[in-house]
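Worksheet for the structure shown next.
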Amino acid sequence: MAAGTSNYWEDLRKQARQLENELDLKLVSFSKLCTSYSHSSARDGRRDRYSSDTTPLLNGSSQDRMFETMAIEIEQLLARLTGVNDKMAEYTNSAGVPSLNAALMHTLQRHRDILQDYTHEFHKTKANFVAIRERENLMGSVRKDIESYKSGSGVNNRRTELFLKEHDHLRNSDRLIEETISIAMATKENMTSQRGMLKSIQSKMNTLANRFPAVNSLIQRINLRKRRDSLILGGVVGVCTILLLLYAFH
């Protein structure tokens, strides 16, 4: 019975060591894959900064497929090694081996430590690979946006140029309208002042006409000429204002 249980324990240890050796080789290859992926991405990033090459930053789907395959294989090996360790724990807790329990527990603890180290190394390497891939995906998306912007920059520049020209045209029109309004206001003020002066002169002339009836006919002719001149001046100002407005809105 003891020989049978001893052989069972040795078989479990052999299985554990074999799985540990396979895991060690797989993890080394897995780490190399992650390192080569990181270095190739860095080289692609430097080449893209110093050239106009639009090659994506990702290495391609082949490395992604290799990563997924190796990750599944390592997870399966870890699960198998966990199962062997569980069987070894059941064996050490059995009642048939009390004298060897301390030594067996020490061996079992060593295998558990190795399993824990391999599990931690696997998850760390996997997390690094996923982080690098996500970063490269993000950079590739940003690069596509930049290329899209560059491809449409010619049309955008043309539209911007047209908008600027239209804006300048509107500003010139506003400036001409303001100048026209200023001229009209100044003309109105001058005409108002002249009207006041003419009224003052007319009042004086009326006073003289009342004193000297012979001068009345002369004053009437002067008034008729004054009205004619006022009509002519008003017509000239109106025509000038209309022409300026037509030029401003042309």
Side-chain angles (χ1 to χ4, degrees), residues 1-49 55-145:
M1 180 67 180
T5 56
S6 177
N7 291 333
Y8 177 71
W9 173 259
E10 290 298 326
D11 290 338
L12 292 176
R13 288 189 61 188
K14 288 180 181 178
Q15 293 178 21
R17 286 195 295 269
Q18 182 179 359
L19 291 173
E20 288 169 358
N21 291 332
E22 292 181 8
L23 276 170
D24 185 67
L25 295 176
K26 289 288 185 180
L27 287 173
V28 170
S29 300
F30 195 64
S31 178
K32 289 181 178 179
L33 175 63
C34 182
T35 302
S36 64
Y37 187 90
S38 176
H39 289 170
S40 62
S41 299
R43 287 194 300 270
D44 291 338
R46 288 193 297 269
R47 182 174 62 251
D48 292 333
R49 286 197 300 269
T55 303
L57 293 178
L58 290 177
N59 249 355
S61 59
S62 59
Q63 284 189 328
D64 293 336
R65 289 194 299 268
M66 187 180 300
F67 167 78
E68 298 294 339
T69 301
M70 293 185 67
I72 293 173
E73 292 177 353
I74 293 174
E75 288 175 350
Q76 291 175 351
L77 290 174
L78 289 173
R80 290 172 58 187
L81 183 58
T82 301
V84 173
N85 284 344
D86 292 340
K87 291 179 180 179
M88 294 174 70
E90 292 176 359
Y91 177 79
T92 57
N93 292 328
S94 64
V97 285
S99 60
L100 300 177
N101 191 45
L104 296 180
M105 289 297 296
H106 177 74
T107 302
L108 175 61
Q109 185 61 40
R110 184 169 61 84
H111 286 292
R112 282 179 172 175
D113 292 339
I114 294 174
L115 173 61
Q116 184 177 1
D117 292 340
Y118 284 164
T119 303
H120 176 73
E121 182 180 354
F122 167 68
H123 289 300
K124 181 179 179 181
T125 305
K126 182 179 179 180
N128 291 336
F129 189 94
V130 171
I132 293 172
R133 185 171 60 183
E134 291 178 351
R135 183 188 63 188
E136 298 303 326
N137 285 331
L138 178 60
M139 293 177 66
S141 177
V142 172
R143 177 166 294 278
K144 289 181 180 179
D145 293 339

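Note that the numbering runs from 1 along the sequence shown for the chain. All values derive from a computational prediction rather than experimental measurement. The basis for the numbers below is simple: all heavy atoms, side chains too, and nothing from hydrogens, waters or symmetry mates.
The one candidate from E68, E121, E75 that meets the salt bridge (Lys or Arg N to Asp or Glu O under 4.0 Å) condition with K126 is E75.
Scanning all heavy atoms of the two residues, the minimum distance from K26 to M70 falls at O-CE, 3.7 Å. Closest approach of W9 and M88 over heavy atoms only: CH2-CE, 3.4 Å. Scanning all heavy atoms of the two residues, the minimum distance from L27 to I74 falls at CD2-CD1, 3.9 Å. Heavy-atom minimum distance, T125 versus S31: CG2-CA, 3.9 Å.
Listed by chain and residue number, Q109 satisfy the side-chain hydrogen bond (donor to acceptor under 3.5 Å, both in side chains) test with D113 (two or more places apart in sequence, or in another chain). With sequence neighbours excluded, no residue forms a side-chain hydrogen bond (donor to acceptor under 3.5 Å, both in side chains) with Q76. Take D117 and apply the side chain to side chain contact (heavy atoms under 4.5 Å, CB included) test, not counting sequence neighbours, and it matches no residue. With sequence neighbours excluded, the residues that form a ring-ring contact (aromatic ring centres under 6.0 Å, His included) with F122 are F30. For Q18, the side-chain hydrogen bond (donor to acceptor under 3.5 Å, both in side chains) test picks out no residue, with sequence neighbours left out.
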Kindly determine whether L19 and E22 satisfy side-chain contact (heavy atoms from CB on, under 4.5 Å), including the steps that lead there. CA-CA 5 Å; L19 291 173; E22 292 181 8; 4.3 Å; yes
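Here D24 contributes atom CG and L77 contributes atom CG; the two are 11.5 Å apart, rounded to the nearest 0.5 Å. In this structure, H111 NE2 and H106 NE2 are separated by 10.0 Å, a value rounded to the nearest 0.5 Å.
Between the side chain of T92 and the main chain of A89, a donor-acceptor pair closer than 3.5 Å is present.
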Please set out all donor-acceptor pairs under 3.5 angstrom arising from side-chain atoms of residues 78-87, sequence neighbours excluded.
| unit_1 | atom_1 | unit_2 | atom_2 | d |
| --- | --- | --- | --- | --- |
| T82 | OG1 | L78 | O | 2.7 |

